[in-house]
Protein chains: 2
Amino acid sequence: MEKSLSLTEENYIKAIFQIGTTPESNVSTNALADNLQTKPATVSDMIKKLSYKKLIFYKKYKGVTLSASGSKEALKIIRKHRLWEVFLVNHLYFKWDQVHEIAEQLEHIKSSELINRLDDFLGNPTIDPHGDPIPDANGQVQLGPSKLLSEMTSHENGIIVGVKNENPLLLQHLDKINIRLGLHIEVTEVNDFDQSMQVKLADLGTLFLSEKITSQILIAKNL
Amino acid sequence: MEKSLSLTEENYIKAIFQIGTTPESNVSTNALADNLQTKPATVSDMIKKLSYKKLIFYKKYKGVTLSASGSKEALKIIRKHRLWEVFLVNHLYFKWDQVHEIAEQLEHIKSSELINRLDDFLGNPTIDPHGDPIPDANGQVQLGPSKLLSEMTSHENGIIVGVKNENPLLLQHLDKINIRLGLHIEVTEVNDFDQSMQVKLADLGTLFLSEKITSQILIAKNL
DNA sequence: ATTAATTTTTAGATTAGTCTAAAAATTTAA
DNA sequence: TTAAATTTTTAGACTAATCTAAAAATTAAT
Ligand SMILES: [Mn+2]
Ligand SMILES: [Mn+2]
Ligand SMILES: [Mn+2]
Ligand SMILES: [Mn+2]
């Protein structure tokens, strides 16, 4: 019976998972320190511990990658985080910009019984309020392919399926200009100079968007 | 802006609240150590800290009592604990013997917005699944007066309104013999030798109950 | 009212997680 | 390819929460 991870250990595992683009990509000490708002020296210590526990692979100065058991843990935490976000938005009527911080706490509650019942209660959702996929009880995620709005060219169109990060200020701004998941969007013009765009939203008419925003919006890639 | 309590501090404050019968009663170091499954030496240290923070009154060797701010904190934690228990039973279909441990974790989630929305979502319940009153957002509790079944005499009757503790084995046993909150109960006989009782339950006929059980069941005191 | 038993506190260590400052390794640039 | 810049690790220290062992205070029992 291996002891369950501490809250801190869970946060490290999750950060490694989320920083690494591919499962094999090495995550640097500094990147982790940045993400976890701590100091590189602190990260170095924790890395040794996680490595000893075989949750990560680690070679000095070469960064870390998650082991199979590390990935499994990460997916469990992300599953909990996203299911709680769905609960907060769908049942407690929080806005999408208000839930991340609370979910950061709730994701550490230990009870697989609880999370599976919550999953059922919510109707086994496959995406969270920000369009991120929710891993199932076995850690499987099905993520429809998507691209950034900023990567699209004039006259391309598609459906908004997600936002790249959960910064409350970004989310509030998107609310303000009526951008939300599920909307059909068409690029009408791209300005070469600053990559700003003019787009047309279903029903809502025309909008100008800076690259700062278009680089955060995910569009479904229709296969 | 006073820093929020640590999980450990919260558990101490709650234990002091729950051990003390009246708000003024002094809670001993050993009683706390027992309740919190720790050692008296550890309690002595923590007591100093909580005293320094003015959450408790403390005189060496004389035990502790909660200050006004300490009581307020305790009631907030108890409110959270009991609201989460209602959620787990009413919406996730946990049994009443399965929720205490999970609520022990959930009670430490920090967000008054969350707990007030949860309260509304649940329909502002006044009691938890074990019959314990739920403090409102201002820390007010309204507890209908009750007495122990073991204190009743032959031919007395009343409504079961609570259980004194949340030991899963006790709760499971009560389930097994069909005793639950809201039932009308009448004492038909009390055996002087061991205080065991014969009782009649609405619809469910006659039952024999040992003092071990009757001393855990609360009956409404009809005024 | 002494003595004995119990309770509580202090003293000294330990572990997890954190920090700063300095040393070592790696990467980048001249 | 050597020097400079950057990244990472180590060394040493700190805080919160815990423990064991021993000392001090209180309470109970002769
Ligand atoms: Mn989130
Ligand atoms: Mn999310
Ligand atoms: Mn409980
Ligand atoms: Mn309860």
Side-chain angles (χ1 to χ4, degrees), chain A residues 1-16 19-21 25-66 70 73-74 77 104-105 107-108 110, chain B residues 1-16 19-21 25-66 70 73-74 77 104-105 107-108 110:
Chain A
M1 201 79 98
E2 64 279 317
K3 221 190 140 258
S4 87
L5 300 183
S6 74
L7 185 144
T8 307
E9 290 171 330
E10 289 195 341
N11 281 336
Y12 272 80
I13 293 296
K14 183 175 56 131
I16 294 166
I19 293 168
T21 342
S25 57
N26 289 72
V27 174
S28 77
T29 301
N30 271 359
L32 274 170
D34 234 54
N35 186 285
L36 294 164
Q37 314 222 73
T38 184
K39 296 289 180 285
T42 308
V43 173
S44 271
D45 279 346
M46 181 59 73
I47 276 176
K48 280 179 216 146
K49 188 160 76 159
L50 296 175
S51 179
Y52 176 78
K53 292 193 177 183
K54 303 213 195 293
L55 291 158
I56 61 177
F57 299 119
Y58 167 55
K59 285 183 90 168
K60 268 190 196 172
Y61 294 96
K62 297 300 177 187
V64 300
T65 55
L66 289 174
E73 289 300 326
I77 302 162
E104 287 288 308
Q105 297 180 62
E107 72 189 4
H108 300 291
K110 288 181 168 46
Chain B
M1 203 81 97
E2 64 281 314
K3 223 191 140 259
S4 87
L5 302 182
S6 74
L7 186 144
T8 307
E9 290 171 330
E10 289 193 343
N11 281 335
Y12 272 81
I13 293 297
K14 184 174 58 132
I16 294 167
I19 294 169
T21 344
S25 59
N26 287 72
V27 175
S28 77
T29 301
N30 271 359
L32 273 170
D34 235 55
N35 186 286
L36 294 164
Q37 314 223 72
T38 184
K39 296 289 181 286
T42 308
V43 174
S44 271
D45 278 346
M46 182 59 73
I47 275 174
K48 279 179 216 146
K49 189 160 75 157
L50 296 175
S51 179
Y52 176 78
K53 292 192 178 185
K54 304 211 194 291
L55 291 158
I56 61 177
F57 299 119
Y58 167 56
K59 285 184 90 167
K60 268 189 194 173
Y61 295 97
K62 296 301 177 187
V64 300
T65 55
L66 289 175
E73 289 300 326
I77 303 161
E104 286 289 307
Q105 297 180 62
E107 74 189 5
H108 300 290
K110 286 179 169 48

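Note on naming: letters A, B, ... go to the chains in the order of the sequence lines (proteins, then strands), and numbering restarts at 1 for each one.
Here the shortest heavy-atom pairing between B:A15 and B:N35 reads CB-OD1, 3.5 Å. In terms of heavy atoms, A:P40 sits closest to A:T29 at O-CG2, 3.6 Å. Summarising the geometry of B:I13 relative to B:I56, their closest heavy-atom pair is CD1-CG2, 4.2 Å, with the distance given to 0.1 Å. The shortest heavy-atom contact between A:V64 and A:Y58 is CG1-CD1, 3.7 Å. Looking at every heavy atom in both residues, B:E10 comes nearest to B:E107 through OE1-O, 4.2 Å.
Rounding to whole angstrom units, CD1 of residue A:I47 and P of D:dT7 are separated by 15 Å. At whole-Å resolution of the value, CG in A:L50 and P in C:dA16 are 12 Å apart. Between the CG atom of A:D45 and the C1' atom of D:dG12 there is a distance of 11 Å, rounded to whole Å. Spacing between atom CG of A:N26 and atom P of C:dT26 amounts to 14 Å, rounded to whole angstrom units. Rounding to whole angstrom units, OH of residue B:Y12 and P of D:dA16 are separated by 14 Å. Between the P atom of D:dC19 and the CE atom of B:M46 lies a distance of 11 Å, rounded to the nearest Å. Here D:dT7 presents its C1' atom at 11 Å from NZ of A:K62, a figure rounded to the nearest Å.
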**Message:** Determine whether A:H108 and B:H108 satisfy the following criterion, side-chain contact (heavy atoms from CB on, under 4.5 Å), listing intermediate values before the conclusion.
**Reply:** CA-CA 11 Å; A:H108 300 291; B:H108 300 290; over 6 Å; no
**Message:** Show, in sequence, the C-alpha distance, side-chain angles and deciding distance for A:M46 and A:T42, and conclude whether the side-chain contact (heavy atoms from CB on, under 4.5 Å) test is met.
**Reply:** CA-CA 6 Å; A:M46 181 59 73; A:T42 308; 5.8 Å; no
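Note on A:K48: a side-chain N or O is less than 4.0 Å away from OP1 or OP2 of D:dT10.
To the nearest 0.5 Å, the span separating CG on A:L5 from CG on A:L55 amounts to 5.5 Å.
Near-neighbour residues of DNA chain D inside residues 29-42 of chain A, defined by a heavy atom below 4.0 Å, number-ordered: A:T29, A:N30, A:P40, A:A41. Within residues 51-60 of chain A, the residues having any heavy atom under 4.0 Å from DNA chain D are, by residue number, A:Y58, A:K60.
Judged by closest nucleotide on DNA chain C, A:S6 is the one of A:S6 and A:Y61 placed further toward the 5' end.
Within a 6.0 Å radius of NZ in B:K110, more than 12 heavy atoms belonging to other residues, nucleotides or ligands are found.
Residue-level contact check: B:S44 touches the bases, meaning some heavy atom is under 4.0 Å from a base atom.
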